[in-house]
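Source: prediction; values computed, not measured. In what follows, chains carry the letters A, B, and so on, assigned in the order in which the sequence lines appear, proteins first and then strands, with residues in each chain numbered from 1.
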Protein chains: 2
Amino acid sequence: MMDQAKMDPRAVRTRKLIMDSFITLSERKEFKDITVKDITMEAMINRATFYRHFEDIYDLLEKALSEVLLVNLDSAAFTERELDEQTFFQLFEAVTNFQQSISHRCHSGYEETIARIIRDQLEVIFFKLLTKKNPQANADSLHLTAVMLSWGIYGASVEWKRNGGLSPETFIKGAIPFIRFGLEAE
Amino acid sequence: MMDQAKMDPRAVRTRKLIMDSFITLSERKEFKDITVKDITMEAMINRATFYRHFEDIYDLLEKALSEVLLVNLDSAAFTERELDEQTFFQLFEAVTNFQQSISHRCHSGYEETIARIIRDQLEVIFFKLLTKKNPQANADSLHLTAVMLSWGIYGASVEWKRNGGLSPETFIKGAIPFIRFGLEAE
DNA sequence: CCAAATGTGTTGCTTAAGCGACAAAATCGA
DNA sequence: TCGATTTTGTCGCTTAAGCAACACATTTGG
């Protein structure tokens, strides 16, 4: 991201303080019990400052989780790749890793928010890869494809969580040929 | 210290950033090679901000070392005690610990600064303890006594560094009776 | 049930920190 | 040695963060 490029260093610092404090707190107690005051006290910043950076705690939840997911997904690295079998493997693995990492902290009741975050990030990546693969194709149809792929991958991760045992690799392996066949055909 | 009481939290934060960065840097390179820029970059603050907190790097050296020494001396704890044998032991040990801890980082050429810092801190502690022991005594003479004791303890630590082997306890043990005898006599 | 306590989001004003530019000093390298 | 960097310390101006107070929900526990 060129997010923090040309951002005021104070803002960068404060934002990080808030994010980190939130992550720390969410290891101790679950989301619904965390107040803005808790966060600002942990971060040792003023409560008013919190609202300069985030709409409210839900906004923070969203952005904090996005950031964590972003690290797992390492979007930049993925968009350098091709839309091949390897990439599917690793995207799926990144998602399951992420789900694992936040399943410790208790965000019960916010599954839908989390799901949307995951899908949003996946969608961006898929769209970039699709555009690279089919530069001349219609953007809207690529977008729609990306949306469907992101929902698909996410759905697979839900299914994976339900079936305890399998490793992410072996689990997703079954579906990949089908997906790719569809992709190749287009 | 009531230092950071009623201080602006931003200033507290920034001050700590600078101090920590300086400590970090002084583990990597020696004092004379550390520039203000190095510190402010490490601390990710603006160079101008440095000068809001410190006169110059020498001022920082002084205050940073004072702080480190303060932790070793734990002034508050010592001033709760009596001016007895135990206290002399432990003050001497604190000083030698401090000398050890900064001997890794290379502050060559600043021994005199460091020495003064140590003596200043010792002097404050001795003065408090002396005042507690002799509440009715003349303040000036207590001050002078504190000065002499602080120089004495520091001198002893220099001597101790020269003679490699002995433990601080056994080393100082020889002198304590004499010091105490003088104190008791007064 | 309702009062007291706690949490939310916003505001106007104050202040610490960021920025760029500057002259002057120190350091370096050829 | 001398010119070129680099470092130092300072300046005026801009902006992010602190603060206290506010009205308005929400808990909470007696």
Which angle, rounded to 10°, do you find between the first-five-pair axis and the last-five-pair axis of the helix from C:dC1-D:dG30 to C:dA30-D:dT1? 50°

A:Lys32 NZ to C:dG7 P, in whole Å, measures 14 Å

Please check this pair: side chain of B:Arg13 against backbone of A:Met44, looking for a donor-acceptor N/O pair closer than 3.5 Å. yes

Report the distance from atom CZ of B:Phe50 to atom P of C:dG18, rounded to the nearest whole Å. 13 Å

Side chain of B:Tyr51 (C-beta onward), nearest among D:dG9, C:dG20, C:dT8: D:dG9

same_hphob_cluster(B:Trp151, B:Ile125) at 4.5 Å side-chain heavy-atom cutoff: no

Just to be sure I understand the rule, does A:Leu17 reach a base, reach only the sugar-phosphate, or reach nothing, if contact means heavy atoms closer than 4.0 Å? nothing

Can you measure B:Lys37 atom NZ to C:dC19 atom P for me and round it to whole angstrom units? 13 Å

Expressed as a whole number of angstroms, how long is the span from A:Ile45:CD1 to D:dA20:C1'? 17 Å

Between A:Glu42 and A:Arg28, does any side-chain N to carboxylate O distance fall below 4.0 Å? yes

Can you hop from B:Met41 to A:Val12 via hydrophobic side chains spaced under 4.5 Å? no

Going hydrophobic residue to hydrophobic residue with side-chain gaps under 4.5 angstrom, can you get from B:Val95 over to B:Val147? no

Determine: side-chain N/O of B:Asn46 to OP1/OP2 of C:dC19, distance under 4.0 Å, yes or no. yes

Report, as yes or no, whether the 6.0 Å neighbourhood of atom NZ on A:Lys132 holds more than 12 heavy atoms from other residues, nucleotides or ligands. yes

Result for 5'-nearest mapping on DNA chain C, choosing between A:Asp38 and A:Arg10, is A:Asp38

Taking for each residue the nucleotide of DNA chain C bearing the nearest heavy atom, is the 5' side occupied by A:Arg52 or by B:Thr49? A:Arg52

Do any side-chain nitrogens or oxygens of A:His53 fall under 4.0 Å of OP1 or OP2 in D:dA16? no

How would you label the contact of B:Ala11 with the nucleic acid (heavy atoms, under 4.0 Å): base, sugar-phosphate, or nothing? sugar-phosphate

Nearest to side-chain heavy atoms of B:Val36, which nucleotide of C:dT11, D:dA16, D:dT8: D:dT8

Whole angstroms only, please: what is the CD1-P distance between A:Ile18 and D:dA16? 14 Å

Side-chain ion pair, B:Asp33 and B:Lys29, N-O less than 4.0 Å: no

Could you tell me how the ring of B:Phe92 sits relative to the ring of B:Trp160: parallel (under 30°), tilted (30 to 60°) or perpendicular (over 60°)? perpendicular

Side chains of A:Thr87 and A:Arg81: any donor to acceptor distance under 3.5 Å? yes

For A:Ile57, answer base if it contacts any base atom (sugar-phosphate contacts may also be present), sugar-phosphate if it contacts only those atoms, and nothing otherwise; contact means non-hydrogen atoms under 4.0 Å. sugar-phosphate

Check: B:Asp20 main-chain N/O paired with B:Thr24 side-chain donor or acceptor under 3.5 Å: yes

Check the distance between D:dT10's P and B:Phe54's CZ and give it to me in whole angstrom. 15 Å

Taking atom C1' of C:dG18 as reference, at what distance in whole Å does atom CG of A:Asp8 sit? 6 Å

What nitrogen or oxygen pairs link the protein and nucleotides 21-28 of chain D at under 3.5 Å?
none

Rounding to an integer number of Å, can you tell me how far B:Leu60 CG sits from D:dT7 P? 17 Å

